[in-house]
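So the structure is just underneath, and the comments pick up after that.
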Amino acid sequence: MSGPALSRPAGLIVFGAVLILVAAVTLALPHMVNNYLVRVVIVMCIDVILVASMGLGNGFTGVFSLGHVGFVAVGAYTSGILSLPVTMKHAFLPDLPHWLASFSLPFLPATIAAGLVCAALAAVVGAPLMRLSGYFVSVATLGFLIIVNVVLINASDFTRGARTFAGVPLQTTLPWAMGWMVVTLTVLARIAYSPFGRRFRVVREDPIAARAVGLSILPVRLSAFIVGAFFAGVGGSLYGHYLGAFSPASFYLPYTFALVSMLVIGGMGSISGAVLGVVLVTVTSEVLRNLERGLDLGVIHIPPLYGASQIVLGMMFILVMIFRPSGLMGDREVSPGLFLRRKPTGERE
Amino acid sequence: MNMGLYIVQQGINAVSLGSLYALVAIGLSMVFGILRMTNFAHGDMMMVGAFGTLLINAAGAPFWLAALCGVAVGAAAGVIVERLAYRPVRGAPDVTLLLTSLAVTYILENLGILIFSSSPRNFPIPDIMNSAIQLAGGQITFTAINVVTIALTVAALALLGWFVTRTDVGLGMRAAAEDLGAAQMVGLDVDRLIVVAFAIASAFAGLAGVLWAAQSGIVEPDMGFTPLLKAFVAAIVGGFGSISGALVGGYVLGALEILIVAFLPSSVSPYRDAIVFGLLIVFLLFKPNGLMNRPQEVKL
C-alpha cells in the first residue's frame, strides 16, 4: 500500500496538526514526567532517526547493511571534534591539526557537517559495496563497521583512541531531538513515497525487471545509502551531544544489534514500522532492565538476572522472524491519511 | 637472530593460528553450503565448548575427558539451535536467515553473561601443554599447545575428509550442498543431513573454542565473536560453501595476520583487523567466489 494519498490542503492541515502536537508534547513533557523519562524519550527520538534512516537502505531498497552504526560513529566523532570548545581541544586533543583546533562550531552546523561527512563517506564506500547483494552486502558492510572501529581506535590524534572522548557539550535537548526526528521522518517519507522512491522498491522486488525497463540499480541503491548515511551522521551527532562522553566501543556491535532489532521487529519496509520498533523495543527493554535488577514482591524474591532483558529481546526478534518475517508493520504505513477520507488510488502497487 | 629461523618461528605461529581459523571456517562453510545461511551463532559454539570444558573439568573430570565432553556439548548446542531457531525459518530469504542467527548469537552471549557473568575466567590447562619446546638453541620457541592445536586440526580434517568422501551420510551432505531440492527429491533425509552438518560444524567450533581458550588462558561469553568474523573472511576468501576452500582460507588468513604483525613496520600492526576486513571487501568485489569455489550469482 502506498503512503498518504491526500489532497494537498488536507495533507498540509494534517501535517500542521502533527507538528503542533509534537511541539505541545515537547513543551509539556518535561513538566509532566520525571527527568529519567525525558531522557528515555530523547534517546527514542535519536533511535527513530537512526532506525528510520537505516530502513531506507535496508528495507526499501533491500540491501541489508550492518554498517549503519559505522556512520553513526563517524557522525558522533565528527561533530564532537567540530563542536568541542577550543580550550578543551588543547587539553584533550593536543595533536589535533591546527586548522581543526583553532575553532569551534555551534551545535546545528556541527550536526549538519557530520551528516555531510557521512554522506560523502557513504558515496565513496557505497560505490563498490552497493554492487553486492544478499548476505554478501551484509558481511561486507559489517567489515566496514569493523574498519571504522579500528580506525577510530588508532587515529588517536583525532579521537583519543580507545579512551573516552569527553567534553562534548550536552546540547541534545528534547526540542532538538524532536525537531530533528520530525525533519528526518518528513524527508524520508517524502523521498520514499515520491516517484523516485518507488524505484527503491522496484530494484528490491525485481532487479532484473528494473534493468529491463532501463533503471540502473547502482545509482538507486547508492542514493538510498547516502541519504541513510546523512541521517546516521545527524543522529550520531545528536547522540554524541546527548552522551557528552563516548568511545569507539559505544558505536559497535551491541548498538548495531539494538538498532537492527528495532528495525526488524517494527517492519523494514515502513517508516512507521521503524517508529513502532523503536518504541516497542525501548519500552520492553526499559521495563525488563528494571526487573533485571531483582524484585522483592514480599513472598517471591527474584534475584538480579543481568543479561535477561537482552535474552527476552533476542527471543522477540526470533519469534518475529519465524511468524512475521517482514516485521509487525510489514510494508504498511500508519499515515495521517488513515483518519481522513482517501482519494481513490486505483490499484495497488 | 638468523632470518631463516625467524621465518620458521613465524611460520609455526601462522600454522597454529591458521588451524584455529580453519576449524571455525569449515563449519561456517559447511552450513552455508547446504542452507545458504551465514550463521553468526557459529562462533558462540566456541564459547559453549570452552565453558563446557571448564565446568566439567571443575567438576573433577580430567582435562582431556572434559575437553572431549566440551566439544560434545558444543555439538549438542549447535543441534539444539538448529532445531529451535533455524528450522522454522528454513527456506526464508538470505537476510531473514542471517538476522535469525544474529539474534541467536545475541541470546547465547547474554545467556553466557547471565550464567557466568561478563568478566573473563581463567581456563586451567594441564602444565604439560604450557611447557615450552625449544629448537635451534632456543631461537625457535613454541609451546606444546601449538603442537596440540596443529595435530588435532590435522586429525579432525582427516576424519572429516574420510567422512564426506567415504560414508553415505557424508556423501549425502555433499549432495545437499550441491542442490538441496534435488537431494530431497531423490529421497535423502534432508532434515537428518542438516542435523549432522550442524553437529559436525559445531563440534569443530567447540574444538576451536577449547584450543583458543587454552592458548589465551581465558574464557568469556563473547570470546567467539572475533574468531567468527575472521572465519567469515577465511571462508569467503576460500570460497563460501566449500570445505576445502575454508581450509585454504583459514591458513591464508593465519599467514596474512602473522605477516602483518611480524614482518611489517610496527605502526601497521594495530590496523591488522582493518586490513583483514579490507581484504574481505576486496574479495567480495573482485573474486566473490573465492579461491576454490565454483561461480555463483552474488552481484548485481
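By convention in this document, chain letters (A, B, ...) are assigned in the order of the sequence lines, proteins followed by strands, and residues within each chain are numbered from 1.
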Engaged part of B:Thr38 at the chain A interface, taking heavy atoms whose separation is under 4.5 Å: side chain
Sub-4.5 Å side-chain heavy-atom contact between B:Ile281 and A:Ile147: yes
Pairwise distance CD1(A:Ile146) to NZ(B:Lys230) - rounded to 0.5 angstrom: 9.0 Å
Least distance between heavy atoms, B:Leu285 atom then A:Leu129 atom: CD2-N, 4.5 Å
Under 4.5 Å from a heavy atom of chain B, the part of A:Met315 involved: both
Heavy-atom contact with chain B under 4.5 Å, split by part of A:Ile322: both
Within 6.0 Å of CG in B:Asn122, more than 12 heavy atoms from elsewhere: no
Geometric class of the B:Phe240/A:Tyr135 ring pair [parallel <30°, tilted 30-60°, perpendicular >60°]: perpendicular
Engaged part of B:Val276 at the chain A interface, taking heavy atoms whose separation is under 4.5 Å: neither
Contact origin within A:Leu253 toward chain B - heavy atom pairs under 4.5 Å: side chain
Among B:Asn110, B:Leu84, B:Thr105, residue most engaged with chain A (heavy-atom pairs, under 4.5 Å): B:Asn110
Heavy-atom pairs under 4.5 Å with chain A, option from B:Leu108, B:Leu229, B:Ile236 with the top count: B:Leu229
Non-hydrogen atoms of A:Val150 and B:Ala274 that approach each other most closely: CG1-CB, 3.8 Å
Residue pair A:Phe136 / B:Leu284: nearest heavy atoms and the distance that separates them: CD2-CD2, 3.0 Å
Top contributor to chain A contacts, counting heavy-atom pairs under 4.5 Å, from B:Leu98, B:Asp273, B:Leu99: B:Leu99
B:Leu102 side chain near A:Leu66 side chain, heavy-atom distance below 4.5 Å: yes
Contact summary for B:Ala103 and A:Gly314, nearest pair of heavy atoms: CB-O, 3.9 Å
Rounded distance [0.5 Å steps], CG in B:Leu111 versus CD1 in A:Ile311: 4.5 Å
Separation of A:Ser138 OG from B:Phe40 CZ (nearest 0.5 Å): 7.0 Å
Point-to-point distance, once rounded to the nearest 0.5 Å, from CZ of B:Phe277 to CG of A:Leu145: 10.0 Å
B:Leu97 portion near chain A, given a 4.5 angstrom heavy-atom threshold: neither
Interface moiety of A:Val264 toward chain B, non-hydrogen atoms closer than 4.5 Å: side chain
Pick from A:Leu319, A:Ile208, A:Val139 with the largest number of heavy-atom pairs that fall under 4.5 Å of chain B: A:Val139
B:Ile107 portion near chain A, given a 4.5 angstrom heavy-atom threshold: both
